[in-house]
Amino acid sequence: MSNQKPSLPRGTRDFGPDKMVKRNFIFDTIKATFQKFGFMPLETPAMENLSVLTGKYGEEGDQLLYKILNSRPHEARDSEKEKMRQDFNRLLTQNTNSPVLTEKGLRYDLTVPFARYVVMNRNEIKFPFKRYQIQPVWRGDSPQKGRYREFYQCDADVVGTDSLLCEAEIVLMMNEVLSKLGIKDFTIKINNRKILTGIAEAVGSPGKEGDLCVAIDKLDKIGREKVEKELEERGFSRESVEKLNPVFSLKGSFAEQKKVLSELFASSETGRKGLEELGQVMQLVEAFEIGNTHLEFDTTLARGLSYYTGAIFEVKAHHVQIGSISGGGRYDNLTGSFGMPGISGVGFSFGVDRIYDVMEELNLFPQNNFTTTRVLFSHFDEAALLYTLPLLKQLRENGINSEVYPEAGKLKKQLDYANSKQIPFVVLVGSDEMASGKLTLKNMQIGSQQQVTLEELIKAVIL
RNA sequence: GAGGUUGUAGCUCAGCCGGUUAGAGCACCUGAUUGUGGUUCAGGGGGUCGCGGGUUCGAACCCCGUCUCCCUCCCCA
């Protein structure tokens, strides 16, 4: 007999019934909102060809991809085996791809598989195409608070239009979902990739917006002097750093920040375009008149994914130490790498696992009794069990969630079962009940019992 | 990838300076109650002390390695 203790891969979790009802509450809320805004569902396989996945997430992202070993390598031909050995040795020292060893990987997000789907089905798809997708993704990150190796994303994307209305509606959906879940204190940070490019250009360091953001992002944490130092370490000239002065002192309303940036962007057309786009998105959001938009312009918002080209979003919940719970942005050329240029898209994603953690920590889950069974039939022997079956069927036909204790056990055990499952009603069936035709209905909350007919039972128990 | 931390029953954790048979609470099972749960009482089952090695007469405890948990940085959902 094996004594091996069962275990779970790092960064993965089971979700028991109590967790699942809470998770489903989140999934249902998100799904309903997506559908309300006109999005249709899509599912794609857990695994994709590596050619689809690699090169889409930047260097960091590629390193975190889970690659799947080709099946049955031991059955390969000898010549292939030699190639495998060589490639494997190379893999031990460099991060290389080897089709003889691995050609598939687990999906890293839902956007790239979506882009692949769009390209492969371009003739059937009616544009603009709005789809939502709720599936797990995998990343070989080291797990920590709010970070898992398997987690769900809930994506909604629109492709085939560059209308900024899509961006505005994303802001609306973020607001709707979070407020329905009871998360009231949060910020939707918004920026535009073109503004970042503009700043890098204006400062005389085009193409270095990534380094720029990483450093500027730390302004609050480590102070201005250290940020400037870090910028120089990252290869920015003294002159460039000095030109960043206005960026460092950015504050106030969007209009005020826009003014400062406009001056900076005198020589950067890209920067001006970014500002203009952002302004329009802000305007469109306002036009929906939803009250508090939670929207905040943040020049330091960068986001790692390399495919964003326009607006970028990130949502941060307040009062909890958990990373962003939602994020997204516009990508002008995601399908371009699959040979279908000129399709602009914008999308975003909710991180259910993090939303769950936030809600748990802030105690936001409704106190509802999540038990689904309403009535349990308990019985004393085989004859009584058989007697309950047509009654059970009748209750179910009336839409009442009900079950019968499947074996003839002690009543104590059956009641204990009902109790631990928080089932509110138990119907006792034994020789007395079968003789009289009246059922004993027990209310588990207050402990009372009464004799009832089937009709009375249904009436008493129905919601 | 860098750093810190943790691992003892199903769960939460005690276990002193190395000493004889490793404990508690909760949970579970049985009985008091052969047709009545959530209260009470009595009893019971459960452990390769993360794994491998070392020191020692003797290791849960000390040393080395390794894995794992959680956390920070980086990055992200």
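In the text below, chain A, chain B and the rest are named by the order of the sequence lines, each starting its count at 1. The figures that follow rest on heavy atoms only: side chains count, while hydrogens, waters and symmetry mates do not.
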Q | B:rG19 and B:rC29, which share atom name P, separated by this distance in whole Å | A | 37 Å
Q: Ignoring the backbone of A:Lys442, work out which of B:rG31, B:rU36, B:rG35 is nearest its side chain.
A: B:rU36
Q. Can you tell which of B:rU30, B:rU36, B:rA77 lies closest to the side chain of A:Lys413?
A. B:rU30
Q: State which of B:rC71, B:rU36, B:rA77 makes the closest approach to the side chain of A:Lys145.
A: B:rC71
Q: Would you state whether a donor and an acceptor, one from the side chain of A:Glu433 and one from the base of B:rG35, lie under 3.5 Å apart?
A: yes
**Q.** Atom-to-atom span, NZ of A:Lys421 to P of B:rG38 - whole angstrom
**A.** 18 Å
Q | Parallel, tilted or perpendicular, as decided by the 30° and 60° cut-offs, for the rings of A:Tyr405 and A:Tyr417 | A | perpendicular
Q | Quiz item: A:Asn419 side-chain donor-acceptor pair to B:rG38 base, under 3.5 Å | A | no
Q: Can you tell me the pairing partner of B:rG46 across any strand shown, Watson-Crick or G-U wobble, with both distances under 3.5 angstrom?
A: none
Q. Is there a donor-acceptor contact under 3.5 Å from the side chain of A:Asp155 to the main chain of A:Tyr132?
A. no
Q) Looking at A:Gln144, does any N or O in its side chain come under 4.0 Å of the phosphate oxygens OP1/OP2 on B:rU72? A) yes
Q) Can the positive tip of A:Arg131 be found less than 6.0 Å from the middle of the six-membered ring of A:Phe39, inside 45° of the ring normal? A) no
Q.
Distance check needed: B:rC28 P versus A:Lys412 NZ, whole Å only.
A. 11 Å
Q: Could you state the atom-to-atom distance from CG of A:Asp14 to P of B:rC11 in whole Å?
A: 13 Å
Q. If you look at every strand shown and take non-hydrogen atoms under 4.0 Å, does A:Leu428 touch a base, only sugar-phosphate, or nothing?
A. base
Q: Would you state whether a donor and an acceptor, one from the side chain of A:Gln449 and one from the base of B:rU36, lie under 3.5 Å apart?
A: yes
Q.
Quick test of the criterion, 5.5 Å between centres and less than 30° between planes. Is A:Phe350 stacked on B:rA77 or not?
A. no
Q: Kindly say if A:Arg10 contacts the phosphate of B:rC69, meaning a side-chain N or O under 4.0 Å from OP1 or OP2.
A: yes
Q) Can you say whether the rings of A:Phe254 and A:Phe297 are parallel (under 30°), tilted (30 to 60°) or perpendicular (over 60°)? A) perpendicular
